[in-house]
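Accompanying notes for the structure given below.
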Number of protein chains: 2
Amino acid sequence: MTHDDALATPTENDEPAAPMRRRKAHIRESNEAHLVACAEAVFAERGLAGASTAMIAERAGLPKANLHYYFPTKLDLYRRVLEDLFEDWYRAADTFECSDDPVEAIGGYVRAKMALSQRRPLGSKVWANEIIHGAEHMQDILTQRVKPWLDSRVVVIESWVSRGLLAPVEPQTFMFMIWAITQHYADFDAQICALRGEREISRRAFDDVTEEVVALVIRACGARSP
Amino acid sequence: MTHDDALATPTENDEPAAPMRRRKAHIRESNEAHLVACAEAVFAERGLAGASTAMIAERAGLPKANLHYYFPTKLDLYRRVLEDLFEDWYRAADTFECSDDPVEAIGGYVRAKMALSQRRPLGSKVWANEIIHGAEHMQDILTQRVKPWLDSRVVVIESWVSRGLLAPVEPQTFMFMIWAITQHYADFDAQICALRGEREISRRAFDDVTEEVVALVIRACGARSP
DNA sequence: GTCTATAGACGGATAGAC
DNA sequence: GTCTATCCGTCTATAGAC
């Protein structure tokens, strides 16, 4: 924790100190980001308990001690991965707001979630793993960040239903359905590949599946444009 | 492995040996079943790597050495849990065959899968966890047992589509949707509870959700009775 | 078939030189 | 900020008495 010295000592007008601080800050930033990315992969492959800091450090090309210099405990690193994932999830969630037309809004959201599953499947797996094992390390993210967003979407869906633009769906169950099916394509890819008899899902096949999922979801909620 | 002696030695007409063998076999059977049940819970809570044989033995009320007497390695026990889960999954799968009416057949299957999620959520979590981490310990179950069943259902769905009893869905994507949403209620219960602001899902609420899910799935595939 | 004790490997975290 | 060496706890699995 030698870096706290720079903050504790008043060096505001100390010419050489400021660039130095910036350079060190940059090193820290880039090393941390690299470690978080590598950690996401190892946590996805092995789970929190199964992942070792040695594996993560090795994948990052750093000695294990450096990892513990930036993230004192394995749990600190794990938390950072989860927070990073939430930010990405939240950006995809924004898609829901863009239109008052349920076909557009819901279709767009499903496409955004499918794209996220395709772009960052390892992250989705870390998230799923954490929830499956009780979500003890992300209760705060769920109740303080995800829940308010979900509640606001429930209101929008209810208004669509009351205006006759949607079948009388239970909004939460419907949202869970969207999450379940879109994340399934990231989390369960090993099963999907085994059952399709392929080694991996091609980009083209994924795009086809995306449109099929959109069609299923739109029919499920009976959406029609206003 | 002292038990193999009983099989190796010809003692067919040895009066006291036969009941003894049966008694011992019964002890083995009941201890193994108990261990498998306890293991399922611990694997669900902690994952394969996070679960220790000591935890499983403690939950079973046995010394750790006894566990290794019945299941030489942790992986042997884990495999048994997975095989046991598949048997249950397969029984629920039978529901699909009972009717040529797609509304009945699909609705019944969704209800059976939801009931399985409610009855054995820990098992579902072990399954999900295994798939998420690459399914390396159940490739054989997927390709030799699940895949043939899925392929046979695809044929049935295609026939419904061609007879105009179903919207033109892609059968695999549709089946994956059913699996994703029904298993979501077992695997992601921690998230669902956090977002509903409840400690657990009541039996009554689960029944309501089940019917809502059935309605969503039936609308999604556009099923109608012949 | 049951149980205590322990071997042997591995993992998280830290000390301290550079 | 980097890295080697190491402490100490935990884990799987087994030896061997009962």
Side-chain angles (χ1 to χ4, degrees), chain A residues 1-7 9 16-36 38-39 42-43 45-81 137, chain B residues 1-7 9 16-17 19-35 38-39 42-43 45-81 137:
Chain A
M1 305 300 171
T2 52
H3 289 260
D4 290 344
D5 302 3
L7 294 169
T9 323
M20 165 76 93
R21 222 156 56 220
R22 245 174 292 144
R23 187 156 59 248
K24 283 201 175 176
H26 177 261
I27 289 175
R28 169 169 283 270
E29 213 172 314
S30 95
N31 276 340
E32 285 188 359
H34 185 221
L35 279 166
V36 167
C38 294
V42 179
F43 285 136
E45 284 164 15
R46 323 265 314 211
L48 171 57
S52 74
T53 52
M55 284 177 206
I56 297 169
E58 190 189 9
R59 182 170 307 214
L62 292 170
K64 190 172 57 159
N66 289 30
L67 181 153
H68 282 101
Y69 170 71
Y70 289 109
F71 299 94
T73 72
K74 183 165 80 161
L75 212 53
D76 291 333
L77 177 52
Y78 184 66
R79 274 285 315 193
R80 267 288 279 281
V81 172
H137 306 299
Chain B
M1 306 300 170
T2 52
H3 289 259
D4 291 357
D5 302 1
L7 293 170
T9 322
M20 165 77 93
R21 220 158 56 220
R22 244 174 292 145
R23 187 156 59 247
K24 284 201 175 179
H26 177 261
I27 288 175
R28 170 169 281 271
E29 211 172 315
S30 95
N31 276 341
E32 284 188 359
H34 186 221
L35 279 166
C38 294
V42 179
F43 285 135
E45 284 164 13
R46 322 264 313 213
L48 171 58
S52 73
T53 52
M55 284 178 206
I56 296 169
E58 190 188 10
R59 181 170 308 214
L62 292 172
K64 192 176 53 162
N66 288 30
L67 181 152
H68 282 100
Y69 171 70
Y70 289 108
F71 299 94
T73 71
K74 182 165 80 162
L75 212 54
D76 291 333
L77 178 51
Y78 184 66
R79 273 285 316 194
R80 267 288 278 281
V81 171
H137 306 299

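In what follows, every chain begins at residue 1, and chains take the letters A, B, ... in the order their sequences are listed.
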Check nucleotides 2-4 of chain C for protein N or O atoms closer than 3.5 Å to its own N or O atoms and list the pairs.
| from | atom 1 | to | atom 2 | distance (Å) |
| --- | --- | --- | --- | --- |
| dT2(C) | OP1 | Asn31(B) | ND2 | 3.4 |
| dT2(C) | OP2 | Tyr70(B) | OH | 2.8 |
| dC3(C) | OP2 | Asn66(B) | ND2 | 3.3 |

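- In this structure, Arg80(A) forms no cation-pi arrangement with Tyr70(A), as its terminal cationic atom is not both closer than 6.0 Å to the ring centre and no more than 45° off the ring axis.
- Checking the phosphate oxygens (OP1, OP2) of dT14(C), no side-chain nitrogen or oxygen of His68(A) falls inside 4.0 Å.
- Atom CD of Glu58(A) is separated from atom P of dT4(D) by 13 Å (rounded to the nearest Å).
- No side-chain heavy atom of Phe71(A) sits less than 4.5 Å from a side-chain heavy atom of Arg79(A).
- Distance Phe43(B) CZ to dC11(D) C1': 13 Å, rounded to the nearest Å.
- Summarising the geometry, the separation between NZ on Lys74(B) and C1' on dC10(C) is reported as 12 Å, rounded to the nearest angstrom.
- Separating the CZ atom of Arg46(B) from the P atom of dC11(D) is a distance of 8 Å, rounded to the nearest angstrom.
- Taking atom CG of Leu48(A) as the reference point, atom P of dG11(C) lies 14 Å away to the nearest angstrom.
- When every heavy atom of Leu48(B) is checked against every heavy atom of Lys74(B), the shortest pair comes out as O-NZ, 2.9 Å.
- Shortest non-hydrogen contact noted between Cys38(A) and Ile56(A) is CB-O, 4.2 Å.
- If you check every strand for non-hydrogen atoms under 4.0 Å, Ala49(B) touches nothing.
- Atom-to-atom, CG of Leu67(A) to P of dT14(C) comes out at 12 Å; the value is rounded to the nearest Å.
- Under the side chain to side chain contact (heavy atoms under 4.5 Å, CB included) rule, Thr53(A) has a single partner from Leu67(A), Leu35(A), Thr73(A), which is Leu67(A).
- No side-chain heavy atom of Met55(B) sits less than 4.5 Å from a side-chain heavy atom of Phe43(B).
- The side chain of Ser52(A) sits closest to dG11(C) out of dG11(C), dC11(D), dA13(D).
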